[in-house]
Each structure stands twice: as C-alpha cells, then as structure tokens.
Amino acid sequence: MPGFELFGDAERKEVNDVLHTGVLMRYGFDGMRNGNWKAKELELELQNSFKAEYVQLVSSGTAAVSVALASAGVGAGDEVIMPTFTFVASFEAIMMLGAIPVLVDIDDTLTLSPEAVEKAITPKTKAIMVVQMCGSMGRMSDLLNISRRHNLLLIEDACQAIGGTYKGKPLGSVGDLGCFSFDFVKTITCGEGGAVITNNKAYYTNADHYSDHGHDHVGNDRGAESHPFLGYNFRISELHAAVGLAQVKRLNEFLAIQKKNYTILRDALSKIPEVTFRTVPEGGEESYAFLNFFLPDLEIARKVSQKFKDHGIDACFHYYDNNWHYIRKWEHLKDLKSLFPISDEVRKGMEYLQTKEYPQSDHFIGRNISSLIKLSWTEETVRNRAEKMVGIIQESL
Ligand SMILES: *Cc1c(COP(=O)(O)O)cnc(C)c1O
C-alpha cells in the first residue's frame, strides 16, 4: 500500500515547483505563484479519477471525515452508525462534532453488517458510515438501500481502499460523501492530507468554506471575503498537495503492482483448505492494498501471527490483539477519557459501550490476519514470503 515506497523524481519535481516560488498556501497570492496551483490541480485529478463532480482537499483523512459529516449537517446529539473494526479516526471525527458514534457488528466483508446497521437505527440516527477497510468494501447495495429507506446519509470512508470499485464505481463515490486519506502510509501519500468527494453541490460548497474558516472564496482578496457560517482550518498546504499530485498520477501503476503481489500471495494461501478469504460483495473489486484471510479459530490465528513475527514476516496484522483498529482495545473510548468535558448527551449516548459485546465481530476479527501488500517487493520477495507463510500456517493447524 504505502505510496512512500516509490517516492521519487516525479514527487520532487512537483515539490520543487512550489519551493521555487515559496507560495506554500493553496489560496491567494496569485501574482507570486507563477501559475502553480497544486491543490487545485490535485482536486481536478481526483475529480477525474473518482468520477466525482466535486472534490475538496483537506489536511488529513480524519479531517475529511469530520468535514464530510459537518458539510451534510451532522452535529450535536446526532447518531452516526459505524463499524467495530476501523481506525480510531472514525469515532474521533464523529465526536469532534458533538455527535454520537454507534458502533455495530461487522460481517465477513470486514465492515458493517447490514443487519446490525438496521437494528441500530433510532430516531436520532443521521448517518451510516461504512469504512472500506483493508482495500475492500461493505455490502454496498444493502447499505445504500437501508440509507435510502430510512432517509439517512451514507458516508464512505475509503481511506484504505483508494482504487477499489463497486459495480464500476470508484469506492468513495458510491455513498453521498466519500473520504480519502493521503497520510504517510496510504496508497497515495501527500505526507499528510485528505479529501472529501461528492456529487452534491451544497455539501461541496459547505466543505470548501468550512475547511477554511468559513471563507466564501469569492473574489481574490481574502481579507474582503465574507463568512456565511462558522468554519475551521483543515486546509492542505501546497507542499503536501504537490506530493499528492505526483502520486495520484501514478495510482494505476501502484494498483497494478498491488494486484500482482496480492495474487501471488493469494494463490499460494488458497492451496491450504483451512484458509478462507474475506468476502468481496458481488460487483466489487478490491484495491489489493491488503490480503485478508481467516484461520479456523482465534488460537490458531494467534499462533500464526506470533510465528510470522518470529520468522520476519513483517506487515501482517492480527487486529484482534492490535491497539488501533478494533474495539477490544479502545479503553480510552469506552471510558471517555477526554482532556476536556464531554457533553452529557454524548456521555449518555455512549453508555452502551460499557457493557455491549460484539461476538459476531470477534468471530471475524479473532480469526483474521491481514497482510499489507507492499509496492517495493520484488517478485522473488513475494514468492519467498508466500512460501514461508504457507509453511507457518500448515505447521500451526
Ligand atoms: C488512515 C485512516 C483514516 C485517517 O486518516 P489520517 O489522514 O491519518 O487522519 C481514517 N480512516 C481510515 C479507515 C484510515 O485508514
């Protein structure tokens, strides 16, 4: 996945364009910037790549999720349904707006179970947030259907699945708003950065203003701009956008490498009858950023994960025992450890986390191992890795 592995001359060239003029900010300074508008250019590239009418770059993927929710009017006391398996950014972004994260079970797609979503809907629910984890996607037809039937927003966090598709549509463009991260370890990196995509003009205009202190971006005198509503600063810098611009042009090259490496690993593991793979919904194609497979039970998964570590098989994650991606270890969330007071409404809305259990999520995450697919591996490296992984799994069964 990480685009940084192939950082090179193309990225340096774009950054040098910016360094040459010294205009590090994406807005204004028209006379000094010598025609360089890296953030705008990157937005255009993303618009084309993602068949989206509107793209707003922001400072991170976490900011993208918050900006997407805020732009669609989600805020204090609203409930947002999200999966138990995701990155911590999901609930951070929701809680930043004073909204309430409602965590529900995942299924064999490794994201939202449509049944669990439907059961969690209350009169306070405003949005469903599907997180397209590890290069693949949820049951998008079912989730779209539920969101339409209940008049809820469908937000797609596609931070880990850039380049994947569902029925020919790029992931991120299926729901009402899609979010991407370009942090240092994502398939496309800016160093730090993110994007919101949408076909809804009002949401886009909101995102454009909200991510820059509410500026309406009318005219070319920043000081004279008006502020139709309150905003924040989630701007991306020109330097970051420049790196992303070089990287996004290489997306197809990166995806082809991922697919090639993924296929070698998957073919090898497929020969073990006890190994099964995460379900990709019909009509879906992964981005191949990760290969996810299931072992027969938790004990075997733990054993295999440990042996992978002992034998130098890096970048394999057993998320059940990992601090960052699964609810089991999110004590700070369950205990609402916050530096500042949290509203009574959110406190009360999140009491369920003290006691709620997620046996279905445990069933899938406990048995799942996820191998990152690197861009820098040679074919020989992947084949050696595959052989070692197969040997370790077979002796652990
Ligand atoms: C990386 C990631 C984010 C957050 O992105 P940052 O740019 O690091 O803030 C959000 N959601 C998912 C699923 C991610 O993997």
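- With contacts defined as side-chain heavy-atom distances shorter than 4.5 Å, the pair L269/L291 qualifies.
- Side-chain contact between I365 and I106 is present, with heavy atoms from C-beta onward closer than 4.5 Å.
- Summarising the geometry, atom CG belonging to N261 is positioned 8.5 Å from atom OG1 belonging to T378; distances are rounded to the nearest 0.5 Å.
- In this structure, a donor-acceptor pair under 3.5 Å is present between the side chains of N145 and R149.
- Using cut-offs of 30° and 60° on the angle between ring planes, the pair W330 and F91 is perpendicular.
- The side-chain contact (heavy atoms from CB on, under 4.5 Å) test with V131 singles out one residue from S90, C159, C179, and that residue is S90.
- The two residues L295 and A301 have their closest heavy-atom pair at CD1-CA, 3.6 Å.
- Side-chain contact annotation: Y262 with E286, donor-acceptor N/O pair under 3.5 Å present.
- In terms of heavy atoms, L171 sits closest to A161 at CD1-CB, 3.7 Å.
- When side chains are defined from C-beta on, S371 counts as touching L265, because their heavy atoms get closer than 4.5 Å.
- With hydrogens and angles disregarded, no donor-acceptor distance shorter than 3.5 Å links the side chain of E156 to the backbone of D176.
- Scanning both residues, L251 and F50, for their nearest heavy atoms gives CD2-CZ, 4.2 Å.
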So Y319 and Y326, ring-ring contact (aromatic ring centres under 6.0 Å, His included) or not? Walk me through it. CA-CA 6 Å; Y319 290 112; Y326 189 51; 8.9 Å; no
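- Contact detail for N199 and Y54: the closest heavy-atom pair is O-CE1, 3.7 Å.
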How far apart are the C-alpha atoms of D105 and K119, what are their side-chain angles, what is the distance that settles it, and do they pass the salt bridge (Lys or Arg N to Asp or Glu O under 4.0 Å) test? CA-CA 10 Å; D105 266 326; K119 273 194 212 138; over 6 Å; no
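- Taking each heavy atom of S141 and K167 in turn, the nearest pair found is OG-NZ, 3.3 Å.
- Shown here is E380, whose CD atom has no more than 12 heavy atoms of other residues, nucleotides or ligands within 6.0 Å.
- Between the side chain of E395 and the main chain of I392, no donor-acceptor pair closer than 3.5 Å is present.
- Salt bridge annotation for K186-D183: present, with a cationic side-chain nitrogen under 4.0 angstrom from a carboxylate oxygen.
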Working for side chain to side chain contact (heavy atoms under 4.5 Å, CB included), residues V275 and V390: CA-CA 10 Å; V275 169; V390 168; over 6 Å; no
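- No side-chain N or O of H318 forms a donor-acceptor pair with one of Q306 less than 3.5 Å apart.
- Ion pairing between R26 and D212 fails under the 4.0 Å rule for side-chain N and carboxylate O.
- M129 has its side chain within reach of V65: a pair of non-hydrogen atoms, C-beta onward, lies under 4.5 Å apart.
- Residues V304 and K307 fail the side-chain proximity criterion, which asks for heavy atoms closer than 4.5 Å.
- Within the model, atoms CG of L57 and CD1 of I236 stand 5.0 Å from one another, a figure rounded to the nearest 0.5 Å.
- Once rounded to the nearest 0.5 Å, the distance linking CD of Q247 with OG1 of T187 reads 9.5 Å.
- The backbone N or O of N16 sits nowhere less than 3.5 Å from a side-chain atom of H20 that would complete a donor-acceptor pair.
- Within 6.0 Å of atom CZ in F29, 12 or fewer heavy atoms from other residues, nucleotides or ligands are found, so the atom counts as exposed in its surroundings.
- Shown here are the side chain to side chain contact (heavy atoms under 4.5 Å, CB included) partners of E79, two or more places apart in sequence or in another chain: I100, V102, T122, K124, T125.
- Distance CG/L298 to CZ/R367: 10.0 Å, rounded to 0.5 Å.
- Using a distance-only test at 3.5 Å, with no hydrogens or angles considered, a donor-acceptor pair links the side chain of E238 to the main chain of K38.
- Between the side chains of H217 and D208, at least one donor-acceptor pair of N or O atoms lies under 3.5 Å.
- How far CD1 of I197 is from CD of Q56: 12.5 Å, rounded to the nearest 0.5 Å.
- Between the side chain of E5 and the backbone N or O of L375, at least one donor-acceptor pair lies under 3.5 Å.
- L333 is listed as a side-chain neighbour of M350, based on a closest heavy-atom distance under 4.5 Å.
- Looking only at distances, a side-chain donor or acceptor of R250 sits under 3.5 Å from a matching main-chain atom of L6.
- With T263 contributing its side chain and K259 its backbone, the two residues share a donor-acceptor pair below 3.5 Å.
- Aromatic ring orientation, F4 versus F184: parallel (interplanar angle below 30°, classes split at 30° and 60°).
- The local environment of CG in D344 is sparse, with at most 12 non-hydrogen atoms from other residues, nucleotides or ligands closer than 6.0 Å.
- A cation-pi arrangement is not found for R235 relative to Y27, the charged atom failing to lie both closer than 6.0 Å to the ring centre and inside a 45° cone about the ring normal.
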Checking side chain to side chain contact (heavy atoms under 4.5 Å, CB included) for the pair L143/M140: CA distance, chi angles, key distance, verdict? CA-CA 5 Å; L143 295 170; M140 298 309 290; 4.3 Å; yes
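- Residues satisfying the side chain to side chain contact (heavy atoms under 4.5 Å, CB included) test with Q354, not counting sequence neighbours, are D335.
- Looking at heavy atoms from C-beta onward, S66 lies out of side-chain contact with Y210 at the 4.5 angstrom threshold.
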Please step through side chain to side chain contact (heavy atoms under 4.5 Å, CB included) for the pair L177 and N200, ending with a clear verdict. CA-CA 8 Å; L177 294 124; N200 182 308; over 6 Å; no
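- Using a 4.5 Å cut-off on side-chain heavy atoms (C-beta onward), F290 and M133 make no contact.
- A donor-acceptor distance shorter than 3.5 angstrom exists from the side chain of Q258 to the backbone of S287, with no hydrogens or angles considered.
- Tested against H209 for a ring-ring contact (aromatic ring centres under 6.0 Å, His included), the candidates Y204, F234, F229 yield a single pass: F229.
- With salt bridges taken as basic N to acidic carboxylate O contacts below 4.0 Å, one links D17 and K13.
- Proximity of a side-chain donor or acceptor of D267 to a complementary backbone N or O of I264 within less than 3.5 Å is not detected.
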Verdict with supporting geometry, L97 and V80, side chain to side chain contact (heavy atoms under 4.5 Å, CB included): CA-CA 11 Å; L97 301 168; V80 180; over 6 Å; no
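- Taking every heavy atom of both residues into account, G135 and A289 meet most closely at CA-CB, 4.4 Å.
- For the atom pair CG (N384) and CD (E379), the distance works out to 11.0 Å, reported to the nearest 0.5 Å.
- Annotation: H227 is in aromatic contact with H215 [ring centroid separation under 6.0 Å].
- The ring-ring contact (aromatic ring centres under 6.0 Å, His included) contacts involving residues 338-386 comprise F294-F364, where partners must be two or more places apart or lie in separate chains.
- No donor-acceptor pair closer than 3.5 Å links the side chain of R328 to the backbone N or O of N322.
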